[in-house]
Amino acid sequence: MLARSPSPPASAFALRPVVSGLPERRARRRAALAGALAAALVGTLAANRATPFTATLNPAAPLTVYLQVGVGSFTNDYIYGGQPEKNTTINTVSVSVTSAVLGNRTPQAMTTNSTAAQSYWDGYTYCSVPGQLYIGGFYRTTGGTTAAARVTATVPAGLTDGSGDTLPFSNIQWTSSGNGDSGAEPFPAGTFVNGGVQTVGSMASNTWNESCWTFTYLNNSVPPAGTFTGVVLYTLSAP
């Protein structure tokens with residue numbers, strides 16, 4: 001594995017279904033490129049905003065990987081020479097399920113406390129908060145094409161409450177989109193595993209990739225009343 005340079009920490013966020021009473025997801029992006037000069041300096045737009053967004057980057061030193069799940073930090077938008085910064089925020093995705101609908105198998109929409117709606121590629125408002133969680137980043141090498149970097153999620157066996165009760169993580173799934181998007185996403189829809197490491201996306205070398213995730217609690221069981229929490233750790237690994 002290659003070390004991150006610069007090295008923002010792997011992103012994490014907490015999932016918190018709350019049981020109440022018993023318990024508980026582009027027209028063309030108008031990228032404001034500063035003419036051909038900005039494009040030559042920082043990269044070439046590889047896809048318009050009518051498709052899931054991936055941009056091609058010019059190789060540059062140092063080799064850099066950047067992953068953002070929820071809130072992140074950049075000195076400026078990437079197309080204007082911005083550089084990634086460390087951000088230790090752990091965002092939550094949560095839902096409160098009332099006794100009236102508890103366990104009736106009607107999926108419950110989850111919301112996030114993340115405020116990250118805009119892309120650090122060009123400032124475009126890509127995600128709709130609080131209903132969607134931004135995931136994106138880039139993998140830039142110093143030379144030619146290499147194998148893709150992989151994005152994984154390390155998932156606990158279950159969500160737990162203060163009494164030791166558990167909910168399977170597989171009760172939570174997500175869809176993937178973005179404002180105006182259509183077609184396949186770089187970070188596709190999925191369902192959490194019940195403990196272990198799962199691949200949730202990948203980045204080809206010298207590309208920027210981003211999606212917006214909408215989470216749902218499947219609501220197919222009747223656990224005891226309480227607040228169930230668990231933290232998923234997302235990691236971007238370069239070959």
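- Pairs engaging residues 150-208 under the disulfide (SG to SG under 2.5 Å) rule: none recorded [sequence neighbours left out].
- Taking the six-membered ring where the residue is Trp, the centroids of Trp121 and Tyr66 are separated by 6.0 Å or more.
- Gly123 and Asp77 make their closest contact through N-OD2, 3.2 Å (heavy atoms, listed as atom of the first residue, atom of the second, distance).
- Of the N and O atoms on the side chains of Tyr134 and Gln132, not one donor lies less than 3.5 Å from an acceptor on the other residue.
- A single hydrophobic cluster is seen to contain both Tyr124 and Tyr80, as judged by linkage of ILVMFWY side chains at heavy-atom distances under 4.5 Å, directly or through other members.
- Between Ser73 and Glu85, the side chains place no donor N or O within less than 3.5 Å of an acceptor N or O (distance only, hydrogens not considered).
- Closest of all the heavy-atom pairs between Met203 and Gly136 is CE-C, 4.2 Å.
- Screening Asn171, Thr166, Leu102 against Pro223 for a side chain to side chain contact (heavy atoms under 4.5 Å, CB included) leaves a single residue, Leu102.
- Two residues are said to be in side-chain contact when any heavy atoms from C-beta on lie closer than 4.5 Å; Ser128 and Asn179 meet this criterion.
- Checked against side chain to side chain donor-acceptor pair (under 3.5 Å), Thr106 has the following partners two or more places apart in sequence or in another chain: Asn104.
- Pro188 and Trp213 get closest at one heavy-atom pair: O-NE1, 3.7 Å.
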Which pairs would a plain distance check flag for residues 189-199, meaning a side-chain donor or acceptor within less than 3.5 Å of a matching protein atom at least two apart in sequence or in another chain?
residue: Asn194; atom: OD1; partner: Phe169; partner atom: N; Å: 3.0
residue: Asn194; atom: OD1; partner: Ser170; partner atom: N; Å: 2.8
residue: Asn194; atom: OD1; partner: Ser170; partner atom: OG; Å: 3.1
residue: Asn194; atom: ND2; partner: Ser170; partner atom: OG; Å: 3.1
residue: Gln198; atom: OE1; partner: Val193; partner atom: N; Å: 2.9
residue: Gln198; atom: NE2; partner: Thr191; partner atom: O; Å: 3.2
residue: Thr199; atom: OG1; partner: Arg150; partner atom: NH1; Å: 2.8

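- Donor-acceptor pairing under 3.5 Å is recorded for the side chains of Tyr139 and Thr146.
- Judged as a side chain to side chain donor-acceptor pair (under 3.5 Å), and not counting sequence neighbours, the contacts of Thr141 are Asn206.
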**Report entry** side chain to side chain contact (heavy atoms under 4.5 Å, CB included) between Val93 and Thr111, worked out
**Finding:** CA-CA 5 Å; Val93 177; Thr111 58; over 6 Å; no
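- In this structure, the side chains of Leu67 and Val151 come closer than 4.5 Å at one or more pairs of heavy atoms.
- Here the side chains of Thr152 and Tyr234 are not in contact, with every heavy-atom distance at 4.5 Å or above.
- Under the 3.5 Å distance criterion, with hydrogens and angles disregarded, a donor-acceptor pair is assigned to the side chains of Ser119 and Glu210.
- Proximity of Gln173 to Leu218: side-chain heavy atoms (C-beta onward) are separated by under 4.5 Å at one or more points.
- Remark: Ala117 engages Thr125, Val129 in a side-chain contact (heavy atoms from CB on, under 4.5 Å) (not counting sequence neighbours).
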Residues 156-164, side-chain donor-acceptor partners within the protein, below 3.5 Å, at least two apart:
residue: Asp161; atom: OD1; partner: Ser163; partner atom: N; Å: 3.0
residue: Asp161; atom: OD1; partner: Gly164; partner atom: N; Å: 3.0
residue: Asp161; atom: OD1; partner: Asp165; partner atom: N; Å: 2.8

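- For Ser211 against Glu185, the heavy-atom pair with the smallest separation is OG-OE1, 2.7 Å.
- Taking Tyr120 as the reference, Phe74 meet the ring-ring contact (aromatic ring centres under 6.0 Å, His included) condition, with sequence neighbours excluded.
- At least one donor-acceptor pair closer than 3.5 Å links the side chain of Thr64 to the backbone N or O of Pro62.
- Under the 4.5 Å side-chain criterion, counting only non-hydrogen atoms from C-beta, Thr115 is in contact with Val71.
- With Ser176 contributing its side chain and Phe187 its backbone, the two residues share a donor-acceptor pair below 3.5 Å.
- Nearest heavy atoms, Gly70 versus Asn91: CA-OD1, 3.5 Å.
- Between the CG atom in Asn113 and the OG1 atom in Thr92 there is a gap of 3.5 Å [rounded to 0.5 Å].
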Query raised in the report: After noting the C-alpha distance and the side-chain angles of Tyr217 and Leu167, does the key distance pass the side chain to side chain contact (heavy atoms under 4.5 Å, CB included) rule?
Result: CA-CA 11 Å; Tyr217 173 62; Leu167 275 174; 3.9 Å; yes
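- One finds the OG atom of Ser114 at 13.0 Å from the CD1 atom of Ile90 (value rounded to the nearest 0.5 Å).
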Report task. Determine, step by step, whether Thr216 and Trp174 satisfy the side chain to side chain contact (heavy atoms under 4.5 Å, CB included) criterion, reporting the C-alpha distance in whole Å, the side-chain angles of both residues, the deciding distance to 0.1 Å, and the verdict. Result -> CA-CA 6 Å; Thr216 301; Trp174 65 93; over 6 Å; no
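- Residues Phe138 and Leu57 are in side-chain contact: their nearest non-hydrogen atoms beyond the backbone lie under 4.5 Å apart.
- Contacts of Thr142 classified as side chain to side chain donor-acceptor pair (under 3.5 Å), with partners at least two apart in sequence or in another chain: none.
- Within the structure, the disulfide (SG to SG under 2.5 Å) test picks out the following pairs touching residues 105-135 (sequence neighbours left out): Cys127-Cys212.
- Hydrophobic clustering places Phe228 together with Val222 (ILVMFWY residues linked when any side-chain heavy atoms are closer than 4.5 Å, directly or through intermediates).
- The side chain to side chain donor-acceptor pair (under 3.5 Å) test applied to Thr154 returns no partner, not counting sequence neighbours.
- Side-chain contact between Gln108 and Ser96: absent, with no pair of heavy atoms (C-beta onward) separated by less than 4.5 Å.
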